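None of these values were measured; they are calculated from a predicted model. First the proteins, then the strands, lettered A, B, ... as listed; each starts at 1.
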Amino acid sequence: MYDPQALQAKWLPRWEESNPFAASEDPADPRPAKYMLDMFPYPSGDLHMGHGEVFAIGDVIARYWFQKGYNVLHPIGWDSFGLPAENAAIKRNAHPAEWTYANIETQANSFRRYAISFDWSRRLHTSDPEYYRWNQWLFNRFFERGLAYRKGGLVNWCPNDQTVLANEQVVQGRCERCGAVVVRRELTQWYFKITDYAERLVDDMESLDGWPERVLTMQRNWIGRSTGADVRFQIEGREEPVTVYTTRPDTLFGATFFVVAADAPLAAEICAPAHREALEAYRAEVAKLTDIERLATDKEKTGVFLGVYAINPVNGERIPVWAADYVLSDYGHGAIMAVPAHDQRDLDFARKFDLPVQVVVHTGMADPGETGVATPGEGSLVNSGPLDGLNKAAAIAKIIEILEERGTGRATINYRLRDWLLSRQRFWGTPIPIIHCPDCGEVPVPDDQLPVTLPDLRGEALAPKGISPLASATDWVNVACPKCAGPARRDTDTMDTFVDSSWYFLRYVDPAYTGGPFDVERIRKWGPIDQYVGGIEHAVLHLLYSRFFTKVLYDMGMVDFTEPFLRLLNQGQVINRGKAMSKSLGNGVDLGEQIDSFGVDAVRLTMIFAGPPEDDIDWADVSPAASQKFLARALRVMSEVTSPVGADPATGDLELRKITHRTVDEVTRLVDTNRFNVAVARVMELTTATRRAIDSGPGAGDPAVREAAEALAVMLSLVAPYAAEEGWERLGHAPSVALAGWPTADPALLVRDSVTCVVQVAGKVRDRLDVSPDISDADLESLALASEKVQPYLSGVPRKVIVRAPKLVNIVP
RNA sequence: GGGGUUGUGGCCCAAUUGGCAGAGGCACAUGACUUAGGAUCAUGCCGGUGCGGGUUCGAGUCCCGCCAGCCCCA
């Protein structure tokens, strides 16, 4: 009777004929605009269970907005540059485009079957030259503004992927993509100056009240704003003082030694000749270590004395200068003042090398020099001259005043955020549109010569060799300088694919636009995105970069908003038997197979009904078969209605009408607040109520039954479009139910003529009264006190009576 | 180690934000229909909310301390 595959075969072609979910660009369209966006997929094979969940969730929201009468933009595209395509191409001796575009077609077909309400006319792929041309155009704008620049330095290198990585792409010392342990290399690379926007990236988070708190926290931690001071230390024998950054300038009197990052150029520069050999040996050791090893707090501290002394600017004390690996060359200035009494790492180091420990904050804890436990907490200052007796805040203010007076320091804000390293030594990405000319230097490819397309390389030519495969395409590399026409070479690196995804949501307003990366007029209408749905794994990658791009584009006058995503929903993972699905565990569940077995609607319903969207779904705990049964039940109810289309519901059964309208009211609120699983539960209840009305109530011909069934069809259409469409047709309507309009609850049918009031005595329920919903406190109290069931528990006048009309009376005897 | 978050029937999950702990589903049991039932319809079943304290007339909900899981940062 319920054959989901037959319904799919019946309805899909009909929907395909039109583009029913096309967003209207007609300025006369009176509907308010809404922009619903799912994070676009990477085309690695077919859609998987995770896609099934995200897109089911996003589609509920988009379809709800369609039903509510908004002009909805719900586009789809592909994040189609990236390493897997390249690796596949090497393996098959093919071009990455072949694998990529074949997978895109596969996914597009799966999306169609999965019945997501996309506007297919706006489809884009980031690997199309028409798209990445605009990456290059934007790069040129960033370059002009000084926001794209090249510099040398230590960078993160993934030995497996054979390319550099941005800091954000190193997670716990490992490559975010492949998990290989990242090493440090000295290389010249391109960067985006995201640090210029650090302050705004933090401050603007205030306005992101539609974002999950944990994502905001992660971004705040990542940007890592701290307030402290820069303090200038003279190094004996060096003209220029060395600046250190500290968050605890109040402990300056407790600085007993000075540490320079072993791999910082400064270490080699200031090292006394007698210690040079030791330093070189040490640096060689450190170079072998990964960042994970370097920063592990339980690691034995190592370091070498450099044979020179620094002068503490506040008390003139000579303190020894050491090189160590626990100081990183790219944090602050690559050097620190060490205050062992109040910092555990400094203390560990001091104890290892017998350096003095000077307590300057009296915290009430035992002496760190004795216990080996540093006391980082607050207290009153001691042994600190003018700071003695002050608390932390006052001491910081005072010391900064002193430092500024003497010109040896100042208050500073420091960020942990580093500039975004964007060049990659791989093929399948956007070529960096720079030409290196021996005379003119770095020359951007003129806008009218964009795009710089990729040379035609395939198979073995793409194999990673530590430099970009583009370098081997000599015809491509050697060009005339756009400025002086002399011989020059193209930059052979490609852009991080996170550049592609930093602005794709703007391009959707007109993916064929040729006047710029996006139509600035149209984006005024659609932007910013009302709801963004995607995985938590992008909390500090894509989402941070997109926010940065949006702010730059705002400064360029191209968008009129400073934050791209008003509301963010991070769906959970689909797991199986308590664990992430993986080949090695053999617990994978295939989306296509689930759909073949249970139908699209049942799979979508299972995803939505399983729990709150943010929670993980354990596929072993849910039942697509049960979802299928429910859909059959709902469809039967819709099929059994015998009253004619247009039957006046006002003449129908009042009890069922009340249930229908109450359900509509509740489901509306639930969908508005993303509580889709509860909304489904309410729809199930309405289905049961309608079933009963048909079987043992007013019967299938009652207009209220039609009203209920129609509401059911529309509400169900958010989750189960095929069954809803079929039901809608059986109810005598023309397609499509998707655009039928959201039902509205009649307030008159929401009022209850009586409610149950609970009467408690000392918190225990002793009676229930049927009362009018607008009963007064006084009436209710006397009614409750008069109750026969309550009397036995009372002795005399109660001490207190709490009345919460009309629902509760609590008598304290 | 620091921060965040979660903990409710056998299982997945609700609970108007301080007011009757139970909506929905799974599983299980019983009955009806039936040639048959793994279909359908109906009925039923089980817990006092991780543990310990506190605030309150009243705590799943708020506060404090522990335990466990998950996620970030070290």
Q) Can you give one letter per nucleotide of nucleotides 8-14 of chain B, going 5' to 3': B for a protein heavy atom under 4.0 Å from the base, S for sugar-phosphate only, - for none? A) ---SSSS

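Among B:rG19, B:rC57, B:rC26, the nucleotide with an atom closest to any side-chain atom of A:A626 is B:rC26. Looking at the side chain of A:K629, the nearest of the listed nucleotides B:rG19, B:rA42, B:rA39 is B:rA39. Of the candidate nucleotides B:rG4, B:rG24, B:rG19, B:rG24 has the atom lying nearest to any side-chain atom of A:M684. For A:S623, the side-chain atoms get nearest to B:rC26 when compared with the rest of B:rC41, B:rC26, B:rA23. In this structure, of B:rC72, B:rC57, B:rC26, it is B:rC57 that holds the atom nearest to the side chain of A:R804.
A ring-centre distance under 6.0 Å is not found for A:Y545 and A:H538.
Using P as the reference atom, B:rU49 and B:rU8 are 11 Å apart when rounded to the nearest Å. Atom name C1', nucleotides B:rA23 and B:rA15: the rounded distance is 8 Å, in whole Å. Taking atom C1' in both B:rC46 and B:rG25, one finds a spacing of 16 Å when rounded to whole Å. When the P atom is compared between B:rC70 and B:rG52, the two are found 24 Å apart, to the nearest whole Å. The P atoms of B:rC13 and B:rU30 are separated by 29 Å, rounded to the nearest whole Å. Comparing the P positions of B:rG50 and B:rC12 gives an interatomic distance of 13 Å, to the nearest angstrom. Nucleotides B:rA74 and B:rU6, compared at atom C1', are 22 Å apart to the nearest Å. Nucleotides B:rC41 and B:rG4 place their C1' atoms 48 Å apart, quoted to the nearest Å.
Spacing between atom CD of A:Q628 and atom C1' of B:rA39 amounts to 12 Å, rounded to whole angstrom units. Between the CG atom of A:L635 and the P atom of B:rU40 there is a distance of 13 Å, given to the nearest Å. For the pair A:L808 CG and B:rA59 P, the computed distance is 12 Å after rounding to whole Å. Distance A:I659 CD1 to B:rG24 P: 12 Å, rounded to the nearest Å. The CD atom of A:Q219 sits 15 Å away from the C1' atom of B:rC71 (whole-angstrom rounding). Atom CG of A:L686 is separated from atom C1' of B:rA23 by 14 Å (rounded to the nearest Å). Residue A:I575 contributes atom CD1, which lies 11 Å from atom P of B:rC71 at whole-angstrom precision. Atom CZ of A:R633 and atom P of B:rA42 are 6 Å apart (whole Å).
Judged by distance alone, with hydrogens and angles left aside, the side-chain atoms of A:R547 form a donor-acceptor pair with the main-chain N or O of A:L201 at under 3.5 Å. Not a single donor-acceptor pair under 3.5 Å links the side chain of A:R220 to the backbone N or O of A:M205. Using a distance-only test at 3.5 Å, with no hydrogens or angles considered, no donor-acceptor pair links the side chain of A:N576 to the main chain of A:M581. Between the side chain of A:S207 and the backbone N or O of A:D204, at least one donor-acceptor pair lies under 3.5 Å.
For the residue pair A:T247 and A:S226, no side-chain donor N or O sits within less than 3.5 Å of a side-chain acceptor on the partner. A donor atom on one side chain and an acceptor atom on the other are not found under 3.5 Å apart for A:E168 and A:W420. In this model, a donor atom of one side chain and an acceptor atom of the other lie less than 3.5 Å apart for A:T375 and A:H342.
Searching all strands for a Watson-Crick or G-U wobble partner of B:rG47 with both distances below 3.5 Å returns nothing. With a cut-off of 3.5 Å on both pairing distances, B:rG58 has no Watson-Crick or G-U wobble partner at all. Base-pair partner of B:rA14: not found among the strands shown (Watson-Crick or G-U wobble, both distances under 3.5 Å). Nucleotide B:rC41 forms a pair with B:rG31, judged by Watson-Crick or G-U wobble geometry with both contacts under 3.5 Å. Pairing for B:rC70 is with B:rG4, a Watson-Crick or G-U wobble pair whose two hydrogen-bonding atom distances lie under 3.5 Å.
Remark on RNA chain B: of its neighbouring residues A:W222 and A:D695, the 5'-side contact belongs to A:D695, judged by nearest-heavy-atom nucleotide. Map A:R691 and A:T756 each onto its nearest nucleotide of RNA chain B; the residue landing nearer the 5' end is A:T756.
With values rounded to the nearest 0.5 angstrom, A:F349 atom CZ is found 9.0 Å from A:I336 atom CD1.
Put simply, A:R214 has no side-chain N or O that comes within less than 4.0 Å of OP1 or OP2 on B:rU6. One finds a side-chain N or O of A:K800 lying less than 4.0 angstrom from the OP1 or OP2 phosphate oxygen of B:rC57.
Under the 90° criterion around 0 for the glycosidic angle, B:rG44 counts as anti. Classified by its glycosidic torsion, B:rU17 falls in the syn category, the angle being within 90° of 0.
Both the sub-6.0 Å distance and the 45° axial angle are not jointly satisfied by A:R567 relative to the ring of A:W211.
Within the 4.0 angstrom heavy-atom criterion, base atoms lie near A:Q760. Residue A:R692 is in sugar-phosphate contact alone, with no base atom involved, counting any heavy-atom pair closer than 4.0 Å across all strands shown.
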